[in-house]
Participant: 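Pasting a structure here, questions to come.
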Amino acid sequence: MKIVIGSDHGGYELKLEIIKHLTERGFEVKDIGCDSPASCDYPIYAKAAVKEIQSGDAELGILICGTGIGMSMAANKEDGIRAALCHDVFSAKATREHNDANILCMGARVIGPGLAELVVDTFLDTPFSNDERHVRRISLYS
Ligand code: RB5
């Protein structure tokens with residue numbers, strides 16, 4: 001499975017840890033930036049990651065900023081994107097099963113690397129339920 005990942009400066013260090021973790025797990029990971037801890041604008045990276053998903057080049061995405069909030073707001077403006085801000089395993093599992101979320105957003109100033117890895121693993125390893133009620137509910141806002 002190909003994963004696209006992006007961050008701003010606030011999420012840069014955590015992003016590097018997540019890339020290492022996912023590469024060790026055997027995922028193909030495309031990092032669309034940022035490329036340093038220098039201050040930058042998170043919507044640029046949210047939009048770049050979204051393009052990878054909209055084109056079908058990546059199946060799922062991960063976006064990390066300081067809080068995860070700006071990334072989730074920016075990503076959710078775009079067609080076909082269901083970005084979920086999750087800092088716990090229960091939410092990461094539920095948003096895949098119920099919302100078919102295609103982007104996980106996290107805040108590096110909110111969550112530590114150990115829990116972030118568990119949240120990422122849960123998000124990537126949980127399939128959409130395909131239950132009729134969830135398909136219907138998603139169609140009501142897509
Ligand atoms: C950057 O200081 C911070 O605003 C950004 O990383 C993010 O938290 C925005 O939502």
Side-chain angles (χ1 to χ4, degrees), residues 1-131 133-135 137-142:
M1 187 194 295
K2 187 165 171 186
I3 308 298
V4 61
I5 191 165
S7 75
D8 71 353
H9 54 289
Y12 179 70
E13 296 297 336
L14 180 58
K15 179 180 70 174
L16 297 185
E17 298 206 35
I18 298 296
I19 291 171
K20 182 170 178 289
H21 174 68
L22 291 180
T23 304
E24 283 168 2
R25 278 200 57 190
F27 287 101
E28 187 184 348
V29 183
K30 180 166 184 180
D31 180 3
I32 49 77
C34 64
D35 299 318
S36 84
S39 183
C40 61
D41 299 331
Y42 59 83
I44 291 169
Y45 302 99
K47 286 183 181 181
V50 160
K51 278 193 182 133
E52 297 289 318
I53 293 185
Q54 288 172 330
S55 69
D57 204 39
E59 197 172 322
L60 294 173
I62 299 169
L63 288 170
I64 308 172
C65 61
T67 60
I69 297 169
M71 283 293 199
S72 60
M73 288 179 168
N76 276 319
K77 295 279 185 193
E78 308 295 329
D79 285 346
I81 297 303
R82 293 175 301 282
L85 176 60
C86 300
H87 293 120
D88 67 274
V89 167
F90 176 82
S91 300
K93 184 169 185 288
T95 199
R96 288 288 304 128
E97 288 176 342
H98 293 204
N99 315 122
D100 196 16
N102 49 16
I103 296 185
L104 168 67
C105 300
M106 296 186 295
R109 296 173 189 154
V110 180
I111 191 169
L115 180 55
E117 283 183 12
L118 283 178
V119 169
V120 165
D121 286 346
T122 302
F123 185 84
L124 298 182
D125 295 344
T126 304
F128 178 45
S129 67
N130 258 309
D131 284 351
R133 70 185 189 283
H134 294 312
V135 172
R137 288 166 189 163
I138 292 166
S139 78
L140 291 173
Y141 64 82
S142 295

Participant: Can you confirm whether R137 sits close enough to R133 that some side-chain heavy atom of one is under 4.5 Å from a side-chain heavy atom of the other?
Facilitator: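 A side-chain contact exists here, since the closest heavy-atom pair is under 4.5 Å.
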
Participant: When you look at T95 and L104, which way does the side-chain contact (heavy atoms from CB on, under 4.5 Å) test go after all the steps?
Facilitator: CA-CA 9 Å; T95 199; L104 168 67; 5.9 Å; no

Participant: Which distance, rounded to the nearest 0.5 Å, do you find between the CE of M1 and the CG of L60?
Facilitator: 5.0 Å

Participant: What is the minimum heavy-atom distance between L14 and A116, and which atoms define it?
Facilitator: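 Scanning both residues completely, I find the closest heavy atoms to be CD1-CB, 4.0 Å.
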
Participant: Looking only at heavy atoms, which two atoms of F123 and A101 are closest? And how far apart?
Facilitator: CZ-O, 3.6 Å

Participant: Do I18 and E117 come within less than 4.5 Å of each other through their side chains, counting heavy atoms only?
Facilitator: yes

Participant: Under the 3.5 angstrom rule, does the side chain of Q54 hit a backbone N or O of G80 as a donor-acceptor pair?
Facilitator: no

Participant: Hey, is NZ on K47 packed in by over 12 heavy atoms from elsewhere, all under 6.0 Å?
Facilitator: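 No.
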
Participant: For a side chain to side chain contact (heavy atoms under 4.5 Å, CB included) with Y45, tell me which candidate from I5, I32, I64 qualifies.
Facilitator: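 Filter result, single survivor: I32.
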
Participant: Looking only at heavy atoms, what is the nearest atom pair of M71 and A46, with distance?
Facilitator: SD-CB, 3.8 Å

Participant: With side-chain contact (heavy atoms from CB on, under 4.5 Å) as the test, would you mind laying out the steps for E24 and K20 before giving the verdict?
Facilitator: CA-CA 6 Å; E24 283 168 2; K20 182 170 178 289; 3.1 Å; yes

Participant: As an exercise, state the distance from CD1 of I138 to CG of D100, rounded to the nearest 0.5 Å.
Facilitator: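 The distance works out to 5.0 Å.
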
Participant: Does atom CD (E28) have a neighbourhood of more than 12 heavy atoms from anything else shown, all under 6.0 Å?
Facilitator: no

Participant: Hey, is CG on N130 packed in by over 12 heavy atoms from elsewhere, all under 6.0 Å?
Facilitator: yes

Participant: What heavy-atom pair brings I81 and N76 nearest, and what distance separates the two atoms?
Facilitator: O-OD1, 3.5 Å

Participant: Report yes if some heavy atom in the side chain of K77 is under 4.5 Å from a heavy atom in the side chain of V50; otherwise report no.
Facilitator: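 Not in contact.
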
Participant: Of the non-hydrogen atoms in H134 and S129, which two are nearest, and what is the gap between them?
Facilitator: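 Scanning both residues, the minimum pair turns out to be CD2-OG, 3.3 Å.
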
Participant: Taking everything shown except Y141 itself, do over 12 heavy atoms lie less than 6.0 Å from its OH?
Facilitator: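 Enclosed: over 12 neighbouring heavy atoms sit under 6.0 Å from OH of Y141.
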
Participant: Under a 3.5 Å distance rule, please check whether D41 uses its side chain to pair with a backbone N or O of I44 as donor and acceptor.
Facilitator: no

Participant: First locate atom CZ of R25, then atom CG of D121, and finally report the distance between them rounded to the nearest 0.5 Å.
Facilitator: 4.5 Å

Participant: Is there a side-chain contact (heavy atoms from CB on, under 4.5 Å) between C65 and L63? Walk through the geometry before answering.
Facilitator: CA-CA 7 Å; C65 61; L63 288 170; over 6 Å; no

Participant: Before giving the answer on side-chain contact (heavy atoms from CB on, under 4.5 Å), spell out for D57 and V4 the whole-Å C-alpha distance, their side-chain angles and the decisive distance to 0.1 Å.
Facilitator: CA-CA 9 Å; D57 204 39; V4 61; over 6 Å; no

Participant: Roughly how far, to the nearest 0.5 Å, is the CE atom of M73 from the OH atom of Y42?
Facilitator: 7.5 Å

Participant: Could you pull out the closest heavy-atom pair between A108 and G10, with the gap in Å?
Facilitator: CB-O, 3.3 Å

Participant: Can you find a pair of side-chain heavy atoms, one from T126 and one from E97, that are under 4.5 Å apart?
Facilitator: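 In short, these two side chains touch, coming nearer than 4.5 Å.
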
Participant: Please tell me if the side chains of F128 and V135 come closer than 4.5 Å, counting only heavy atoms from C-beta onward.
Facilitator: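 With C-beta onward as the side chain, the pair touches.
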
Participant: Look up atom CD1 in I69 and atom SG in C105, then write down how far apart they are to the nearest 0.5 Å.
Facilitator: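 The CD1 atom of I69 sits 10.5 Å away from the SG atom of C105.
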
Participant: So, does K15 use its side chain to make a donor-acceptor pair with the main chain of C34 at under 3.5 Å?
Facilitator: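 Looks like yes, one N/O pair under 3.5 Å.
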
Participant: Between CD1 of I111 and CE of M106, what distance do you get to the nearest 0.5 Å?
Facilitator: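 Those atoms lie 6.0 Å apart.
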
Participant: So E78 and I103, do their side chains get closer than 4.5 Å, heavy atoms only?
Facilitator: no

